[in-house]
Amino acid sequence: MTARSRIPFFAAIVLLIVAGISIATWRHLELGIPWLTGEQQPVWMVEARIDFEATGEPVLASLNIPEQSPGFRILSEQAASPGYGFSVVEKDGSRRAEWSKRDVLGEQTLYFKTQFIPDPNANRDRPSKAPKPIAVFWEEPQATAVREILQQAEQRSSTPESLTRELIRLLQPEDDQAQNTTLLVTGANYLDLLVRMLNHAGIPARTADGLNLEDARRRQALNPYLQIFNGEEWLTYDPRTAEQGLPENVLLWRQGAESLLDVVGGEGSDVSFSMLRQTIPALQLAVMQSDENGFGFLSLYQLPIEEQGMFRMLLLLPLGALMVAFMRIVIGIRTSGTFMPVLIAVAFVQTTLIPGLIAFTSVVAIGLLMRGYLSSLNLLLVSRISALIILVIFITAGLSIAGYHMGFNTGMTVTFFPMVIIAWTIERMSILWEEEGAHEVMVQGAGSLFVAICAFLLMDAPLSRHLTFNFPELHFAVLGLILLMGQYTGYKLSELRRFTPMKAYD
């Protein structure tokens, strides 16, 4: 094979490896499947509590609930409202939770719970249609004061962001323009005034309510924030300090809705929030989200539990094949049969290593003794193998019964061994004994067990189980490595000692 003819082969190997790693990386980034086992993901459980006094009339309570919040993704929502009808409705571009009930009297308490996942890249508020500023009308003398303050802010700014910051500073009581500020600002209308003035200046603006997330806090209130649209997305400001952006631990519960809570048929309504920080396995979270975002069909978790167990075992076989190929081609260890070590390793995976070794060596040793008797009968090959299979079944059954009475659960280990493969292994070892002697049988038998143990250690590692089942496309890379080793024609590592005298002679 010339160097030119090898190019497509090596290109295919590179393509397999790159494809496997790329698809696995995509699944990790898009579906959130973790690379390592045991990774935990923080989750915030937020509970809104609504209290009011019902007046004996039909009640309709409506609470604004988040649709998207910068830096967080919604995992789940649920309501606790015994005796109330509940639904989530869309009104004027916002989501609202509504409770309804007839003939209600006395103190009432409703709950709405939702789980949020911190995600810095989630839900950047980019509306599909750019909002327009709301028309605002002023009466004198407020109109003159607004005009003068906006002129000063515009002279000190060049963008909607800088204009917002300057306007917040100018409306602070300690500013030099205290006369205009005092005329416009009162304690209750400060944030509404900011929103109206920004809309008057041609910048779409709205209010928002944020919740400071602290673990195990109860009866917390929402804090007001200011939002402006800069032509691309909504930006959030602290209306007191003019600081742009949200702190890491702030969740925006309401953005631009007309009201947070409306209660018809009740009085003295109030809403408070409690929160709790939890952690859940990142893999469990990824499986839950794959069902919600439509990528569930790409996951083996959609299969029945029985089939999942089968695939968990089957997807470990390529790792065993990789280990066998490496040991035979690169290291040069001789084994009895090509992939018999893989089958032995699979049996070891089903149980622990020590009971598997005892069961395998016992079956093969007893089988060799019985094979010696069968050879003295001068049977044909087919009859001899068939008889050997039956004898192997009886041997395994006997070992299972003996192990059970001794307190060892070896039945699964023994019965998992493919009976035909074991029968052929015994037959081959017996022939090898007759042709090459006991030494060669011991060499190949020991080599098979050594490679099987190495394959078992690789296949039984928690990381291997996790990656093979959650990222099955990585087997493309395993296939590429096996094909690459298939091109190796150099010395095996076990041969280096054999050629050491030649090096000393040179």
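Predicted model only: the values in this text are computed from it and were never measured.
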* How long is the gap from CG on L467 to CH2 on W35, to the nearest 0.5 Å? -> 7.5 Å
* Is the closest side-chain heavy-atom distance between V346 and L317 below 4.5 Å? -> yes
* Can you see which heavy atom on P341 is nearest to which on V324, and at what distance? => CB-CG2, 4.1 Å
* Run the salt-bridge test on R254 and D209 with the 4.0 Å N-O cut-off and return the result as yes or no. => yes
* Asked: H475 versus T468: any side-chain heavy-atom pair under 4.5 Å?
  -> yes
* Does CD belonging to E248 count more than 12 external heavy atoms closer than 6.0 Å? -> no
* Test the R49-Y111 pair against the cation-pi criterion, namely NZ or CZ under 6.0 angstrom from the six-membered ring centroid and within 45° of the ring axis. => no
* Among L315, V349, N470, which one satisfies side chain to side chain contact (heavy atoms under 4.5 Å, CB included) with R465? -> V349
* What's the spacing between L316 CG and M459 CE if we round to 0.5 Å? -> 5.0 Å
* What is the minimum heavy-atom distance between T236 and Y225, and which atoms define it? -> CG2-CB, 3.9 Å
* Can any side-chain N or O of D238 pair as donor or acceptor with the backbone N or O of E243 at less than 3.5 Å? -> no
* Kindly compute the distance separating CD (Q244) from CG (N230), expressed to the nearest 0.5 Å. => 8.0 Å
* Report yes if the side chains of L211 and Q220 come closer than 4.5 Å at any heavy-atom pair, otherwise no. => yes
* Check whether any side-chain heavy atom of R217 lies under 4.5 Å from a side-chain heavy atom of S274, and answer yes or no. => no
* Structure fact -> dist T109:OG1 -> I50:CD1 (nearest 0.5 Å) comes out at 9.5 Å
* Show your working on side chain to side chain contact (heavy atoms under 4.5 Å, CB included) between V250 and L213 and close with a plain yes or no. => CA-CA 6 Å; V250 172; L213 297 176; over 6 Å; no
* To do: Quick one: sort the W99 and F86 rings into parallel, tilted or perpendicular, breaks at 30° and 60°.
  => tilted
* Report the residue from L322, I17, L484, L16 that forms a side chain to side chain contact (heavy atoms under 4.5 Å, CB included) with L479. => L16
* So, are E473 and R27 salt-bridged, with charged N and O less than 4.0 Å apart? -> yes
* So does E440 pair up with R334, basic N to acidic O under 4.0 Å? -> yes
* Straight-line distance of Y237 OH to L246 CG, nearest 0.5 Å -> 12.0 Å
* Full working for side chain to side chain contact (heavy atoms under 4.5 Å, CB included) between T335 and Q444 -> CA-CA 5 Å; T335 62; Q444 293 192 14; over 6 Å; no
* To do: Go through F72 and I117 one step at a time and tell me if the side chain to side chain contact (heavy atoms under 4.5 Å, CB included) criterion holds.
  => CA-CA 5 Å; F72 292 89; I117 309 167; over 6 Å; no
* **Derivation and outcome, side chain to side chain contact (heavy atoms under 4.5 Å, CB included), residues Q278 and Q115** => CA-CA 10 Å; Q278 303 171 323; Q115 287 182 308; 3.5 Å; yes
* To do: Using atom types as modelled and distance alone, determine if a side-chain donor or acceptor of S81 lies under 3.5 Å from a backbone N or O of L110.
  => no
* In this structure, are over 12 heavy atoms from other groups packed under 6.0 Å from F394 atom CZ? -> no
* Asked: Ignoring hydrogens and geometry, is there a side-chain-to-backbone donor-acceptor pair from H466 to P34 under 3.5 Å?
  -> yes
* Asked: Below 4.5 Å, heavy atoms only, C-beta onward: do V46 and W253 meet side chain to side chain?
  -> yes
* Any side-chain heavy atom of V43 within less than 4.5 Å of one from T279? -> no
* Structure fact -> Heavy atoms of L319 and S464 approach each other most closely as CD1-CB, 3.7 Å
* **Exercise: identify the closest heavy-atom pair between A452 and A345** => O-CB, 3.4 Å
* To do: Could you tell me whether the side chain of W234 and the main chain of R206 form a donor-acceptor pair under 3.5 Å?
  => no
* Asked: Can you tell me if CZ on F311 sees more than 12 non-hydrogen neighbours from other groups inside 6.0 Å?
  -> no
* To do: Would you indicate whether the side-chain heavy atoms of Q227 and L235 approach each other to under 4.5 Å?
  => no
* To do: Answer yes or no: are there more than 12 heavy-atom neighbours, outside M485 itself, under 6.0 Å from its atom CE?
  => yes
* Just by modelled atom types, is the F456 backbone N or O under 3.5 Å from a matching donor or acceptor in the D460 side chain? -> no
* Is there a side-chain contact between L222 and F273 (heavy atoms, below 4.5 Å)? -> yes
* Would a distance-only check, ignoring hydrogens and angles, find a side-chain to backbone donor-acceptor pair under 3.5 Å from S69 to L252? -> yes
* Do the two ring centres, one from F116 and one from W44, sit under 6.0 Å apart? -> no
* Look at R218 together with E47 and state whether they make a salt bridge at an N to O cut-off of under 4.0 Å. => no
* For the side chain of R96 and the backbone of S62, is there at least one donor-acceptor N/O pair under 3.5 Å apart? -> yes
* Minimum heavy-atom separation for I333 to R328, with atom names? -> O-CG, 3.7 Å
* **Interatomic distance, L15 atom CG to F476 atom CZ [nearest 0.5 angstrom]** => 9.5 Å
* Structure fact -> Here the pair of heavy atoms bringing L474 nearest to I21 is CD2-CA, 4.3 Å
